[in-house]
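One structure is given below, encoded as structure tokens.
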Amino acid sequence: MSPAPPSPTVEMPSSVTALGQARSSRPGMASSACCCSPAAVQRRLPILAWLPSYCLQWLKMDFIAGLSVGLTAIPQALAYAEVAGLPPQYGLYSAFVGCFVYFFLGTSRDVTLGPTAIMSLLVSFYTFHEPAYAVLLAFLSGCIQLTMGVLHLGEALPSCQGDALDLSISLFAFQGLSPCVSVSVFGQNLLGLQNISRQFFLQVYHTFLRIAETRVGDAVLGLVCMLLLLVLKLMRDHMPPVHPEMPLGVRLSHGLVWSATTARNALVVSFAALVAYSFEVTGYQPFILTGETAEGLPPVRTPPFSVTTANGTISFTEMVQDMGAGLAVVPLMGLLESVAVAKAFASQNNYRIDANQELLAIGLTNVLGSFVSAYPVTGSFGRTAVNSQSGVCTPAGGLVTGVLVLLSLDYLTSLFYYIPKSALAAVIIMAVAPLFDTKIFRTLWRVKRLDLLPLCVTFLLCFWEVQYGILAGALVSLLMLLHSAARPETKVSEGPVLVLQPASGLSFPAMEALREEILSRALEVSPPRCLVLECTHVCSIDYTVVLGLGELLQDFQKQGVTLVFVGLQVPVLRVLLSADLKGFQYFSTLEEAEKHLRQEPGAQPCNIREDTVPDHKVALLEA
């Protein structure tokens, strides 16, 4: 690694800063363009946006970043395979495919795809520690994710700053899963306890019940490794910036410390392996070791669509039934985690990503990964942070990471034998601990207390079963969204003319609440009052809303008063004109509507016949 840390002042030209912005046209507009046009090809191959401008300076920065991420990815891949309940080589098999796929298809310069703690825990739940199930789950998850990308469902995914559904799934689920991962590896690997239940409460119970069975060697080494990782991380976070005017010796020392703290996972695991090897030489081994790791690159073969066991052959249908809810939870969580990480770093570094393209990248990674025995992967927050902090300029940094993982598979697997599992447990715990942020509870209490409900539901139920926590949190959030959609906030202006303005769009859940509001304020009073429905914020309506508005117009006519519309946007106006509602009157401004309702001269309602709509409206309606 280069001794000098990357300069934080590297300027990103427009071609790279705009990485992920090639989708400047919306999906609906893209459909009208030729699929083979240069813009369409660039959207599907984001590499074309930055490769023509690639330069030597970017190569240097990408190489340093890729090397830094690779030294982090290798020990983490071994550790996450343990969490997934798979042999250690499967973690490495899962760590390199995403590096190469994302080089061509990724829209974020920071994101790295590979095994993560959360995804590994989910894999362990749904694949019963069987590699064949894990590989098939990767293939099926990739197919689902690819389908979502082809259908342009990326925009429907939550961002990192969205509504209740966003918070409960992409954030709160991680809050619930993080302690599960930590407790699992703490009991089984850090303390050396065996046969611990996978349910959180039972894990805690059995860990304390069997605390006397703790292997002292594993516990001591694991705690020492955690302490070393913490010290190195604090050193990395508090390093002062380097300046060109500093003496060469100071800059070299700064670069050496930066390199060591960035590659802390590899250093600590190597230290632990060296300690374990020293005990092995003496004939005494106080640690549980990783053991034999399959040597060489993985064979390229189709995913296992059936499994032969001592009791017979398990068919593809039976394997799918066995995985059950995992076929929904795993691809969904993979997408949410990856897109959330990509959007977070894109916002931090001032560029945009294409969520649909991210779906294609993660989906193709899982599909192709299943052909080299990989289990499901997603975007890693920790390694992406290392990538960003190392000054990566383009996704080309992933090529260095991928090559480093392949080299370790080919040449270093014999050395992995001596890595203590307690050291890998320390790596996992230190990687997962930052994901659990207790400050979120205080923040939500101050900002929006209702959002604590899906957080608590997800958090608590994840301790029982992961899938129950995720699904329950999503269900609670969905109910909250439906409630807010069914009870839209409306602004009411009392005066000579009653004006009611929906604060958000109208959809079928909201129509009944709007009807009740209008009836109570305009028709159920004595005498009945005319009403202006101000629709500036209504950008679309469905058939149920059209029927409801038609019924309201009839109710107003029966009472001998008038309901008029103001501020209708063109798509909404087009729908209402097509519906040919009896008594429909539309005004361009609120003043004209009020003059008409007060029977003042100088205002005429817009004719509902389309051939008499003003010329500029006709042009818009025909657009």
Between Gly91 and Pro115, which heavy-atom pair has the shortest distance, and what is it?
-> O-CG, 3.7 Å
Is Thr290 reaching over with its side chain to a backbone N or O of Ile419, donor-acceptor style, under 3.5 angstrom?
-> yes
What closest approach, in Å, do Tyr375 and Ala81 show between heavy atoms, and which atom pair accounts for it?
-> OH-N, 3.8 Å
If you measure from CG on Leu360 to NE2 on His152, what distance do you get to the nearest 0.5 Å?
-> 8.5 Å
Does CZ belonging to Phe104 count more than 12 external heavy atoms closer than 6.0 Å?
-> no
Establish, from distance only, whether the side-chain atoms of Tyr351 and Thr107 form a donor-acceptor pair under 3.5 Å.
-> no
Is Ser338 reaching over with its side chain to a backbone N or O of Leu335, donor-acceptor style, under 3.5 angstrom?
-> no
Donor-acceptor pair, side chain of Ser124 and main chain of Leu121, under 3.5 angstrom = yes
Please examine the side chains of Pro131 and Pro87, heavy atoms only from C-beta on, and report whether any two atoms are closer than 4.5 Å.
-> yes
How many angstroms lie between CG in Leu71 and CZ in Arg264, if you round to the nearest 0.5 Å?
-> 12.0 Å
Nearest heavy-atom neighbours spanning Lys343 and Ile353 = CG-CD1, 3.7 Å
Give the table of side-chain donor-acceptor pairs shorter than 3.5 Å for residues 228-236, with sequence neighbours excluded, one pair per line with atom names and distance.
from	atom 1	to	atom 2	distance (Å)
Lys233	NZ	Asp237	OD2	2.9
Arg236	NE	Thr262	OG1	3.2

CD of Glu337 to OG1 of Thr116, rounded to nearest 0.5 Å, is 4.0 Å
For the pair Ser68 (side chain) and Ile64 (backbone), establish whether a donor and an acceptor sit closer than 3.5 Å, ignoring hydrogens and angles.
-> yes
Do Tyr126 side-chain atoms and Tyr133 backbone N/O form a donor-acceptor pair below 3.5 Å?
-> no
Considering all heavy atoms of both residues, which atom of Gly85 and which atom of His129 are nearest to each other, and what is their separation?
-> O-CB, 3.4 Å
CE of Met323 to CZ of Phe128, rounded to nearest 0.5 Å, is 8.0 Å
Heavy-atom closest pair (Leu221 atom, Ala272 atom, distance to 0.1 Å) is CD2-CB, 4.2 Å
Looking only at atom types and distance, does a side-chain atom of Thr378 sit under 3.5 Å from a main-chain N or O of Gly334, one as donor and one as acceptor?
-> yes
Heavy atoms only: give me the nearest Arg109-Cys393 pair and the separation to one decimal.
-> CD-O, 3.3 Å
Looking only at atom types and distance, does a side-chain atom of Ser388 sit under 3.5 Å from a main-chain N or O of Thr384, one as donor and one as acceptor?
-> no
All N/O donor-acceptor pairs, side-chain side in residues 396-413, below 3.5 Å, sequence neighbours left out:
from	atom 1	to	atom 2	distance (Å)
Thr401	OG1	Gly66	O	2.8
Ser408	OG	Val405	O	2.6

Do Phe96 and Pro298 come close enough that some side-chain heavy atom pair is under 4.5 Å?
-> yes
Checking side-chain contact (heavy atoms from CB on, under 4.5 Å) against Leu364, which of Leu359, Val97, Leu105 comes through?
-> Leu105
About how many Å separate CD1 of Ile118 and OG of Ser380, when rounded to the nearest 0.5 Å?
-> 10.5 Å
Asp62 side chain to Thr394 backbone, donor-acceptor under 3.5 Å | yes
Please find out if less than 6.0 Å separates the ring center of Phe381 from that of Phe345.
-> yes
Parallel, tilted or perpendicular for Trp50 and Tyr54, by the 30°/60° rule?
-> tilted
Backbone of Arg44 reached by a side-chain donor or acceptor of Gln357 within 3.5 Å | yes
Is Asn387 reaching over with its side chain to a backbone N or O of Asp110, donor-acceptor style, under 3.5 angstrom?
-> yes
Hey, mind stepping through Phe103 and Phe100 against ring pair (Phe, Tyr, Trp, His ring centres under 6.0 Å) and telling me if it holds?
-> CA-CA 5 Å; Phe103 172 73; Phe100 299 108; 8.5 Å; no
Is the closest side-chain heavy-atom distance between Pro376 and Val123 below 4.5 Å?
-> yes
Which value, rounded to the nearest 0.5 Å, describes the distance between Ile288 atom CD1 and Asp218 atom CG?
-> 4.5 Å
Does Leu92 reach the side chain of Phe416, with side-chain heavy atoms less than 4.5 Å apart?
-> yes
Min side-chain heavy-atom separation Leu113-Val101 under 4.5 Å = no
Quick one: does Asn265's side chain get under 4.5 Å of Gln76's, heavy atoms only?
-> yes
Residues 139-150, side-chain donor-acceptor partners within the protein, below 3.5 Å, at least two apart:
from	atom 1	to	atom 2	distance (Å)
Ser141	OG	Leu137	O	2.7
Gln145	OE1	Asn366	ND2	2.8
Gln145	NE2	Pro331	O	3.2
Thr147	OG1	Cys143	O	2.8

